[in-house]
Amino acid sequence: MRFRLLLLPVLGLLTLRVAAQREGSIGGTIYAHDGVPVVGAHVSAAAMRGDKILTVLATKTNEHGRFLFSHLKLGEYHISAEKREAGYLSTAPDIFTCQPPLTIVLREESPIAETSVRFMPKGATISGWVKDTKTAEAISAHLSLAPISECGWSTTGTAGYYRFELLVPSDTPITFGACSEGYKPWTPLALSLRPGSKFEIDVLLERGEKNEQTLCSAGTY
């Protein structure tokens, strides 16, 4: 009798621990815009606590376009995918989509979730150099992309030898701008490029007087 009385509380603790450690999984398929499964797509699952990202898990799709995140803690996850090397931009919310993230919540009553993600048509590429108009020498600059829908804007810098290559959404009206301290403002271009197309341009900037120089710290150019 003594042995049984001591064993019951221990079994109760084990049961509580098993319940507390229950795990979940999220699986699904990544599709191209035409409905064909995408092999080797990069898939991310961001574990959330409110608006805070706790951790980001990553995997790739298999030969059937399938992915699986297993042994997950119960809670909220934001799922996104991309395959930039094939021209597919990330499905995560950005200045071009203005859409909420794909959210999966794993609960005690539903710890296993199945979903799917469909890519937009392949993106287009903008590439070229930023140069001094008179010397034709490459110069560093700030580059700006913004959807004409005014959802937001994004800035980046030229890298390497000041050559830039940007993957942008296709069939989407955008503005592309450039700015460099010590140079006159450059009039942004309005573009709408077809899927998979490549747009090459050399941005030529003219040095300005002190009262004509542009500050490039933030914003669209």
Side-chain angles (χ1 to χ4, degrees), residues 6-123 145-147 149-157 166-172 174 195 218:
L6 290 173
L7 182 59
L8 287 174
V10 172
L11 289 174
L13 287 174
L14 289 174
T15 301
L16 289 174
R17 287 178 180 175
V18 170
Q21 294 175 356
R22 188 171 186 183
E23 296 177 335
S25 65
I26 301 174
T29 305
I30 308 299
Y31 296 99
H33 69 285
D34 57 3
V36 176
V38 178
V39 178
H42 309 276
V43 188
S44 298
M48 308 297 297
R49 180 181 295 162
D51 294 332
K52 182 180 180 182
I53 298 176
L54 300 179
T55 187
V56 178
L57 306 174
T59 189
K60 284 187 176 183
T61 54
N62 63 15
E63 65 273 18
H64 304 294
R66 295 278 304 169
F67 70 90
L68 177 65
F69 294 102
S70 56
H71 306 294
L72 300 177
K73 293 182 179 180
L74 302 185
E76 180 179 324
Y77 294 84
H78 290 176
I79 306 299
S80 62
E82 67 175 24
K83 192 176 181 182
R84 298 182 70 88
E85 64 270 28
Y88 293 114
L89 288 145
S90 174
T91 61
D94 60 16
I95 62 170
F96 297 106
T97 59
C98 300
Q99 299 294 323
L102 172 58
T103 302
I104 303 293
V105 180
L106 302 181
R107 300 184 174 90
E108 285 285 346
E109 63 272 19
S110 55
I112 300 174
E114 180 76 12
T115 189
S116 64
V117 176
R118 186 181 291 265
F119 285 130
M120 296 293 288
K122 289 188 176 183
L145 292 172
S149 63
E150 297 184 356
C151 181
W153 50 265
S154 174
T155 58
T156 185
L166 309 172
L167 185 64
V168 302
S170 57
D171 296 331
T172 302
I174 64 173

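Index from 1, following the sequence.
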>> Listing request: all salt bridge (Lys or Arg N to Asp or Glu O under 4.0 Å) pairs with a residue in residues 49-59, at least two apart in sequence or in separate chains.
In response: none
> Residues in side chain to side chain donor-acceptor pair (under 3.5 Å) with E109, at least two apart?
Replying inline: none
>> For A86, give me all partners under side-chain contact (heavy atoms from CB on, under 4.5 Å), at least two apart in sequence or on another chain.
In response: K83, Y88
>> Please report the interatomic distance OG1(T91) to CG(L102), rounded to the nearest 0.5 Å.
In response: 7.5 Å
> For R84, what residues pass the salt bridge (charged side-chain N to carboxylate O under 4.0 Å, His left out) criterion, not counting sequence neighbours?
Replying inline: none
>> So P111 and R22, do their side chains get closer than 4.5 Å, heavy atoms only?
In response: yes
>> Test: salt bridge (Lys or Arg N to Asp or Glu O under 4.0 Å). Region: residues 56-69. Which pairs qualify, not counting sequence neighbours?
In response: R66-E114
>> Take a 6.0 Å sphere around CE of M48 and say whether it holds more than 12 heavy atoms from other residues, nucleotides or ligands.
In response: yes
> Is a side-chain donor or acceptor of S170 paired with a backbone partner of K122 at a separation under 3.5 angstrom?
Replying inline: yes
> Do you know which two heavy atoms are closest between T59 and F67, and how far apart they sit?
Replying inline: CG2-CB, 4.1 Å
> If you round to the nearest 0.5 Å, how far is CD1 of I112 from CG of L106?
Replying inline: 9.0 Å
>> For S44 versus V56, what's the shortest heavy-atom pair and its separation?
In response: CB-CG1, 4.1 Å
>> Quick check: do L145 and V168 have side-chain heavy atoms less than 4.5 Å from each other?
In response: yes
Please tabulate, one pair per line, all N/O donor-acceptor pairs under 3.5 Å involving side-chain atoms of residues 68-82, not counting sequence neighbours.
| unit_1 | atom_1 | unit_2 | atom_2 | d |
| --- | --- | --- | --- | --- |
| H71 | ND1 | E23 | OE1 | 2.9 |
| E76 | OE2 | H78 | NE2 | 3.0 |
| Y77 | OH | K73 | N | 3.3 |
| Y77 | OH | K73 | O | 2.6 |

> Got a sec: does the CZ of R118 have more than 12 other heavy atoms crowding it under 6.0 Å?
Replying inline: yes
> With sequence neighbours excluded, what pairs up with Y31 under the ring-ring contact (aromatic ring centres under 6.0 Å, His included) test?
Replying inline: none
When the side chains of residues 33-41 are checked against the rest of the protein, which donor-acceptor pairs come out under 3.5 Å, sequence neighbours left out?
| unit_1 | atom_1 | unit_2 | atom_2 | d |
| --- | --- | --- | --- | --- |
| D34 | OD1 | V36 | N | 3.3 |

> Taking only residues two or more places apart in sequence or in another chain, which ones pass side chain to side chain donor-acceptor pair (under 3.5 Å) with S90?
Replying inline: none
